[in-house]
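Side chains included, hydrogens not; waters and symmetry mates left out as well; all remaining heavy atoms used.
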Amino acid sequence: MMKLHYSNKSDLLDKLEAIKADIAEADQNYQHAFARGDFNECGTHRNTLSLHRRVFGAHKKYQIKKGWL
């Protein structure tokens, strides 16, 4: 289980933006592997994409819990 703690809203927003960039990169890698038909690499990139999305979700839940919308 991930324990999150941010002392202010701007640190959390910076982290969310960094995670969004990671999601975009992983999604692009997944799409390129899928287009090439390299399904072994496709699975690796899909798992990475799923990981980044779960982390993003955890951070958004923290943001909502703190009331920093």
Rounded to the nearest 0.5 angstrom, the NZ-NZ distance for K9 and K66 is 12.5 Å

Only pairs under 3.5 Å count here: list side-chain donor-acceptor contacts from residues 10-24, not counting sequence neighbours, and write none if there are none.
| residue | atom | partner | partner atom | Å |
| --- | --- | --- | --- | --- |
| S10 | OG | N8 | OD1 | 3.3 |
| E17 | OE2 | K20 | NZ | 3.2 |

In terms of heavy-atom contacts, T48 and A26 come closest through CG2-CB, 4.3 Å

Compare all side-chain heavy atoms of E25 with those of H52 and state whether any distance is below 4.5 angstrom.
no

Please name the pair of heavy atoms, one in Q63 and one in W68, separated by the smallest distance, quoted to 0.1 Å.
NE2-O, 2.8 Å

Nearest-0.5 Å distance, OG of residue S50 to NE2 of residue H45:
13.0 Å

With sequence neighbours excluded, what pairs up with H59 under the side chain to side chain donor-acceptor pair (under 3.5 Å) test?
Y6

In terms of heavy-atom contacts, does NZ of K61 have more than 12 from other residues, nucleotides or ligands at under 6.0 Å?
no

Working to the nearest 0.5 angstrom, can you tell me the gap between R46 CZ and N29 CG?
13.0 Å

